[in-house]
Amino acid sequence: MNSPATPKARSELAASPGWLSPARWRRRRNALPASGRIGLALVLFWALLALLGPWVIPHPPGAVVSTTVFAPMSLRFPLGTDYLGRDMLSRILIGARYTVGLALAAAVAASATGTVLGLLAAISGRWVDELLSRLLDALICIPSMIFALIMVAVFGSSLPILLLTAALGYVAGAFRIARSLAVNLSVSDYVEAARVRGEGRLHIACVEILPNMVHPMLADFGLRFMFIVLMLSGLSFLGLGVQPPAADLGSLIRENLSGLGDGAAAVLLPAIAVATLTIGVNLLIDGLADHGRPEGGGGKA
Amino acid sequence: MRVTLQLILKRMAAAALTLLLVSIIIFTITSLLPGDAAQAALGQNATAAAVAALRARLGLDQPVLWRYLHWLGGLLTGHPGYSYSNGLPVSAIISKRLPQSLLLAAATTVVSVPFALTLGILAAMYRGSWLDRALSTTTLAMVAVPEFLVATAGVLIFAVKLQWLSALTFVLDHPTPLEFLRSYALPVLSLCFVVTAQMARMTRAAVIDQLSQPYAEMAALKGVGSARVVLTHALPNAVGPIANAIALSLSYLLGGTIIVETIFDYPGLARLMVDAVSYRDMPLLQACAMIFLAAYLGLVLIADICAIVSNPKLRRP
């Protein structure tokens, strides 16, 4: 892993929330509390399913394979069938792939863009900083769900638009955190030393500052991923997200909502799937973080 | 006192400026519509003359800046244009829905705030006890549970299995208290579930933050009981952060209402907005979005003001 430049930097950084020196990080991971271990297990479980999905599905996800709609669990259909008689296990496996894949891509895009822009704002002159900060501060004032509704109304809901919407909706939060981290780091001694040495701005940003932002940004990335999962499945639940015949977990709940009256597994399982995924991520982050989540890391971080 | 007032006015001006910026963002995105709203409204077979006439009527032939100013002026004077889908004035449509949403929000606030504050303060008072640990784990999990799971599970248990409550919200003209309770209980409880967890967590953090201050330690050393330390020493100082927690959590309601109003088919503003998205009814969508954003910024502003009033340190120029 990246090691900080000097021991001095380490002690300075240790004060910033969420940062752990590599050695402490390793110890932490060994001493992950029980809730954190449950979270890790849940996250690994869903990551594995999303990864292996297409190779383990028992039936094609779009094919009507049963004459019974909302069939109960059986040997042939381990999780029952949906409102058209399609195999629920296959649909959940593929749906999880959509949900996890889309949210992961969007979270990576948001965190990466946020980090780059935050670094840029911190090392560039006042003007760039002011401009970026004002613009993204205005963006952060738009609740992500409202933003998503507007984007979908204007551009429709194709996968690229959903990806862009989720990334744009959460980039401002990542920028804010990255900028404050980078600003704090850019006045630290070893950055001053690099400056005195005559290193260029790019070198300072990439070699001195960036490696020390990685851990806090990773914790933030996890939370961002969770909120994107919630937003995307909420959007699909409203019928405005992933469009049929494709279906993510949110769409699966919507499709099968008519089975709710009978307590059909087809409607409960995808909802439980989303919940276990997001709870898993949340527990894992909480277990990894030094003092739990920072305050205010609420609905729209 | 003058400093406080000045500071508050400054915050209000900043909020107004942000709202203006946000309105520019919203308007810009909604004007990026691929194709033309007039063409979309009339369909592929419309004659060029008909499209041109509608463009003129909707004002789409004007320059963008002029259209923005016109729209902004309309918003401020309460006439944000006409709905594309049914031609009614947007203000008339919204004024029918807004009270319903406010009622839902008010009911949720009344139920969730006292409950969340009690939970948060109790958890802080008995920090480290089984109560605290149980609360902290449950609230952590609750934050991550999607609203639609809460709402659908609620419907399944209380409306379908037990048949205590109704699955859809019927808005009656003069409901008896019992009817009101039966029809509003599920949407309100679903919203509370999400909001309470956040608020309780943040309240606990705010109180514990105060308890770690020297004055709280001093009070404890003096022999003041732990309940009194929390209630009379820490709590008054935690008012600012707690107000902040409440405002942030309530603003989270905005996202929640969109899902909950849809599930329960509740005739509120959020439902209206989702419909506007499906029909690509831009004037209606813009107006709904601006109301939500104004509400959001208003809540944040109130939290800011509470913090300023309750904390003399923030008033130092």
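Every value quoted in this text rests on a predicted model; they were computed, and no experiment measured them. Naming convention: chains lettered A, B, ... in sequence-line order (proteins, then strands); numbering from 1 in each chain.
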What part of [X] gets within 4.5 angstrom of chain B, counting heavy atoms only: side chain, backbone, both, or neither?
{"X": "A/S233", "result": "both"}
{"X": "A/L149", "result": "both"}
{"X": "A/L240", "result": "side chain"}

For A/F225, is the CZ atom crowded, meaning more than 12 foreign heavy atoms sit under 6.0 Å from it? yes
Within the supplied structure, the quantity of interest is the number of heavy atoms (other residues, nucleotides, ligands) at a distance under 6.0 Å from B/Y279 OH; does it exceed 12? no
Please give me the minimum heavy-atom distance between [X] and [Y], naming the atom from each residue.
{"X": "B/L293", "Y": "A/C141", "answer": "CD2-O, 3.5 Å"}
{"X": "A/A271", "Y": "B/L149", "answer": "CB-CD1, 3.3 Å"}
{"X": "B/L285", "Y": "A/I150", "answer": "CD2-CA, 4.1 Å"}
{"X": "A/M151", "Y": "B/I29", "answer": "SD-CG2, 4.0 Å"}

Passing option when A/L238 is tested against B/V274, B/V277, B/I263 for side-chain contact (heavy atoms from CB on, under 4.5 Å):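 Of all the options given, the one that passes is B/V274.
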Start with the C-alpha distance between B/T18 and A/D137, add both sets of side-chain angles, then the distance that settles side-chain contact (heavy atoms from CB on, under 4.5 Å), and finish with yes or no. CA-CA 8 Å; B/T18 313; A/D137 270 355; over 6 Å; no
Does the pair B/I25 and A/L135 meet the rule for a side-chain contact (heavy atoms from CB on, under 4.5 Å), with working shown? CA-CA 9 Å; B/I25 296 181; A/L135 196 72; 5.5 Å; no
